[in-house]
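As the structure is a prediction and not an experimental result, all values here were calculated from the model. Every heavy atom of this structure was used, including side-chain atoms; hydrogens, water molecules and symmetry mates were not. If you read the sequence from its start, that first residue is 1, and numbering goes on from there.
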Amino acid sequence: MTDEALWALGRGTGITALAFMTVAVALGIATRSGRPLLTLPRFAVADVHRFAALGATLLVVLHMTLLFLDPYAQLRIVDFVVPFLGAYRPLWLGLGTLAVDLLAVIIVTSLLRNRIGRRGFRVVHWSTYALWPAALAHALGSGSDTGYRWFLLFAGSCALIVAASVGWRLRADYVEYAVERRSAQSR
């Protein structure tokens with residue numbers, strides 16, 4: 001594989017990972033509402049959320065692997081674990097590393113969900129509210145496509161989707177469980 005192909009695939013998988021991560025965050029918020037989304041019941045929204053999160057994770061791993069193999073990026077193993085040590089744009093690369101570290105913690109707690117309990121899982125899962133902006137900032141700061149209008153439109157669309165989801169989550173009438181929603185409506 002040529003150096004140009006590695007670079008292009010590395011960038012492409014990063015951008016696609018951001019799209020999947022955006023969908024996962026938005027659907028994670030929607031799932032917690034207890035309401036169906038469009039015509040999908042809650043369990044289907046949860047399944048699509050898990051699929052998008054798994055897809056994002058696999059794309060992030062592929063993104064990291066391809067850029068590690070790319071001689072231009074000159075990444076070291078430590079750059080994937082310890083934030084802000086990279087030679088190239090250390091702040092922006094560090095935010096990507098921070099997002100990967102948070103992603104690893106979320107994956108581990110998701111796999112151990114039955115052992116750590118619902119409360120422990122939810123506390124750690126709240127870190128996705130830090131993971132996603134770190135990943136977006138990484139894409140905007142270290143990505144080589146930030147000078148292109150299409151990428152800025154893409155990144156802006158991702159930000160708008162997550163902002164709308166978070167805004168919906170923060171509304172006073174947002175109730176996570178149907179029982180609580182029904183009791184609130186009967187008052």
Side-chain angles (χ1 to χ4, degrees), residues 1-31 46-112 124-163 165-166:
M1 186 174 291
T2 67
D3 295 348
E4 291 84 20
L6 282 172
W7 183 247
L9 285 171
R11 285 178 17 231
T13 53
I15 292 167
T16 308
L18 181 60
F20 272 70
M21 202 173 293
T22 299
V23 170
V25 168
L27 290 179
I29 293 169
T31 289
D47 284 348
V48 176
H49 162 71
R50 279 191 287 275
F51 173 80
L54 177 61
T57 301
L58 295 174
L59 285 162
V60 165
V61 169
L62 189 56
H63 171 67
M64 292 168 43
T65 303
L66 289 165
L67 292 179
F68 180 72
L69 296 173
D70 181 14
Y72 177 76
Q74 298 181 354
L75 296 174
R76 303 165 299 168
I77 296 288
V78 71
D79 296 331
F80 296 119
V81 183
V82 182
F84 312 111
L85 295 181
Y88 176 75
R89 298 183 181 175
L91 172 65
W92 305 113
L93 180 63
L95 288 171
T97 303
L98 183 63
V100 167
D101 292 347
L102 288 170
L103 183 61
V105 170
I106 291 166
I107 290 167
V108 168
T109 57
S110 294
L111 293 173
L112 297 174
V124 173
H125 225 69
W126 275 84
S127 67
T128 56
Y129 285 100
L131 183 158
W132 187 88
L136 179 65
H138 165 73
L140 289 170
S142 66
S144 57
D145 294 314
T146 55
Y148 294 105
R149 189 178 310 207
W150 69 265
F151 180 76
L152 295 175
L153 181 63
F154 168 77
S157 297
C158 289
L160 187 61
I161 288 167
V162 170
S165 299
V166 170

Student check: side-chain heavy atoms of [X] and [Y] closer than 4.5 Å:
X	Y	result
Ser127	Ile106	yes
Pro83	Asp101	yes
Trp7	Leu67	yes
Leu140	Phe151	yes
Leu59	Phe20	yes
Trp132	Met21	yes

Does [X] use its side chain to pair, donor to acceptor, with the backbone of [Y] at less than 3.5 Å?
X	Y	answer
Ser142	Ala139	no
Thr97	Leu93	yes
Thr2	Ala5	yes
Arg89	Gly141	yes

Applying salt bridge (charged side-chain N to carboxylate O under 4.0 Å, His left out), name anything that partners Asp3, two or more places apart in sequence or on another chain.
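Not a single residue meets the salt bridge (charged side-chain N to carboxylate O under 4.0 Å, His left out) criterion with Asp3.
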Could you tell me which residues satisfy salt bridge (charged side-chain N to carboxylate O under 4.0 Å, His left out) with Arg76, sequence neighbours excluded, listed by chain and number?
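For Arg76 the salt bridge (charged side-chain N to carboxylate O under 4.0 Å, His left out) partners, ignoring immediate neighbours, are Asp79.
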Euclidean distance, [Y] [atom2] relative to [X] [atom1], rounded to 0.5 Å:
X	Y	atom1	atom2	value
Ser144	Tyr72	OG	OH	8.0 Å
Ile107	Leu102	CD1	CG	11.0 Å
Leu103	Leu98	CG	CG	11.0 Å
Leu18	Ile15	CG	CD1	8.5 Å
Leu69	Met64	CG	CE	11.5 Å

Just to verify, what does [X] make a side-chain contact (heavy atoms from CB on, under 4.5 Å) with, not counting sequence neighbours?
X	answer
Leu66	Leu6, Leu9, Thr13, Leu62
Phe84	Leu91, Leu95
Val82	Val78, Leu85
Val48	Leu27

What verdict does the side-chain contact (heavy atoms from CB on, under 4.5 Å) test give for Trp150 and Asp145, after you've listed the backbone C-alpha separation in whole Å, the side-chain angles of each residue and the deciding distance to 0.1 Å?
CA-CA 9 Å; Trp150 69 265; Asp145 294 314; 3.9 Å; yes
Nearest heavy atoms of Ala134 and Ala99, plus distance in Å
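Ala134 and Ala99 have their closest heavy atoms at CB-CB, 4.2 Å.
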Output, in order, the C-alpha distance, side-chain angles, deciding distance and verdict of side-chain contact (heavy atoms from CB on, under 4.5 Å) for Tyr148 and Leu153.
CA-CA 9 Å; Tyr148 294 105; Leu153 181 63; over 6 Å; no
Within 6.0 Å of CZ in Phe51, more than 12 heavy atoms from elsewhere:
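12 or below, so no.
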Parallel, tilted or perpendicular: which one describes the rings of His125 and His49, with boundaries at 30° and 60°?
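Aromatic pair His125/His49 classed perpendicular.
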Applying side-chain contact (heavy atoms from CB on, under 4.5 Å) to Leu75 and Phe80, what does each step give before you reach the verdict?
CA-CA 8 Å; Leu75 296 174; Phe80 296 119; 3.9 Å; yes
